[in-house]
2 protein chains.
Amino acid sequence: MNDSRPQAADEAPGDVGMTDIPRFVPLYVQIKRLLTQGLQAGEWKPGEPIPSEVELARRYGVSQGTVRKAIDELAAENLVVRRQGRGTFVATHHEARTQFRFLRLLPDDEGGEELGSRIVECRRLRAPVEVARVLGLRAGEAVVCIRRILDLQGEPTVLDEIWLPGARFRGLTAERLAAYSGPLYGLFEREFGTRMIRAAERLKAIAADEVTAELLGIEPGSPLLQVERVSSTYDDVAVEFRRGLYVTRRHHYFNELS
Amino acid sequence: MNDSRPQAADEAPGDVGMTDIPRFVPLYVQIKRLLTQGLQAGEWKPGEPIPSEVELARRYGVSQGTVRKAIDELAAENLVVRRQGRGTFVATHHEARTQFRFLRLLPDDEGGEELGSRIVECRRLRAPVEVARVLGLRAGEAVVCIRRILDLQGEPTVLDEIWLPGARFRGLTAERLAAYSGPLYGLFEREFGTRMIRAAERLKAIAADEVTAELLGIEPGSPLLQVERVSSTYDDVAVEFRRGLYVTRRHHYFNELS
DNA sequence: AAGTGGTCTAGACCACTTT
DNA sequence: AAGTGGTCTAGACCACTTC
């Protein structure tokens, strides 16, 4: 990096194509990419510290301020966590702090947060077309399908159907799931080296069918909040499709807009 | 500001109360507060530029880098918009860009974004207890209640019930609303000096009652997405309570998690 | 005391927009 | 050419944590 300062791309002035090719890539963006690659490659594991700013500045031959700006953006994207006086750590799903970033369901009346999970089934099968499309697989490729129920405040509240690429989650079985307690994303991160970074959700209100109603202990036809989620890891590679059905009688999905 | 560097609060070392009193307030936070106050006071109007970084640095007697950090945070909170080479502008709801930050409803199949609005009613009345509580009013104080229908892709899709503090929105009438086209928050900003900054939403799935079903042209009992929103202006003062009922047959509420 | 992230400065130069 | 925000540097000092 010592001799490579950000430079203009070999591009005639004026836009050529429809995709806007950035003419200059700032140094801190380059550093940020290097760090992201290190995270992706597992050079530093979740929960562990990354090298100090001074060390990284020396290693890459840039000033500390430049490294700092790169890390600031990684922290803003929740890829790392800064802790003054201690260091900068790779984010992990094994923290109470991270839990409610992805499960945005709260009790209407401020109550406890008891959360229980029951695996209904876990089987491997060929990907249905819709799932294959979302996960970027060929139709018929192997996928894992998990169905589980979450109990909040002691009541069955969420019925999740989770689809994962079979190749990436080789060895994921019902037994393995049953033996594990804690957030599923924690398991994925620790056992399969797959960290969920971002997710896009699509919400709808639907009526409960009979099977679902039975599982959730509600009347068929009751309104349910359907939450479809596509989660992705580094580089926005989709690695999970999830359809959740939420009972919102005593709970609600919360969202902050700004 | 020339002689006031950030200093330790006159506080014995060690925490005294339960509220954590910050011992040091960084300079850039102080600058940020001054700028926020200027925005709140209307010193610079929505859409207008604020003074340049150099000018502000001179005015407050700090370095440009410090002003820069303050503005960076304001930009991250969507209070201002930076434009390279031009300046920094006060954010406004009169922009296509800002529209879908608050109405997070999209067609399932990528389609146009035709959006129509019809006012059903607009009347002034005494605040019901629930509304008074949310808006921080005394029970019985004057409020404005608006009901309107949004048509997306030519179909009635949203029934909104909007509650506003009567004092702040004096002179808001059905005629005034009918004469205006565009986002409601644009009207509030321009005509009533009230800019919505942040909002917290609570979502539930419910069944349509008869009146609602009639207005939205659906069957009674159909599932609806209920979106309750509390919007606030500078300093997190709640100034709007809104209950929206969304038909999610061909649309969905989208959300990005990270 | 040493090491970490956090703040602040002063100055240089670059990219972009407007005049 | 002038003015704006954007990047980068080098260095100082502060706050916090650990040893």
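Just so it is clear: chains get the letters A, B, ... in the order the sequence lines come, proteins before strands, and each one is counted from 1.
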Straight-line distance of Tyr234(A) OH to Arg198(A) CZ, nearest 0.5 Å: 10.0 Å
Sole residue of Leu184(B), Val230(B), Val227(B) in side chain to side chain contact (heavy atoms under 4.5 Å, CB included) with Arg242(B): Leu184(B)
Secondary structure string for DNA chain D (Watson-Crick or G-U under 3.5 angstrom, | for other-strand pairs): ||||||||||||||||||.
Nucleotide dT4(C), atom C1' - distance to CD1 of Ile50(A) in whole Å: 12 Å
Lys/Arg N to Asp/Glu carboxylate O, Glu191(A) vs Arg176(A), below 4.0 Å: yes
Whole-Å gap separating C1' (dC8(D)) and CZ (Phe24(A)): 14 Å
Atom-to-atom span, OH of Tyr60(A) to P of dC8(D) - whole angstrom: 15 Å
Under 3.5 Å: donor-acceptor pair, side chain of Gln30(B), backbone of Val25(B): yes
d(CD, Glu53(A); C1', dC8(D)) in whole Å: 15 Å
Ring geometry between Phe188(A) and Phe192(A) (parallel below 30°, tilted from 30 to 60°, perpendicular above 60°): perpendicular
Modelled atom types, side-chain donor and acceptor of Tyr60(A) and Thr66(A), under 3.5 Å: no
Distance below 4.0 Å between Ser52(A) side-chain N/O and dT4(C) OP1 or OP2: yes
Whole-Å gap separating P (dA15(C)) and CG (Leu27(A)): 12 Å
Spacing of Gln30(A) atom CD relative to dG6(D) atom C1', expressed in whole Å: 15 Å
Nearest-Å distance for atom pair CD/P, residues Gln64(A) and dC8(D): 15 Å
Positions of residues 66-86 of chain B (non-hydrogen atom under 4.0 Å from DNA chain C), listed by number: Thr66(B), Lys69(B), Gln84(B), Gly85(B), Arg86(B)
Main-chain N/O of Ser52(B) paired with Glu55(B) side-chain donor or acceptor, under 3.5 Å: no
Tyr180(A) side chain to Leu187(A) backbone, donor-acceptor under 3.5 Å: yes
Lys32(B) NZ - dC8(C) P separation (whole Å): 13 Å
Set of salt bridge (charged side-chain N to carboxylate O under 4.0 Å, His left out) partners for Arg68(A), sequence neighbours left out: Glu53(A)
Distance test, side-chain N/O of Thr88(B) to OP1/OP2 of dT4(D), below 4.0 Å: no
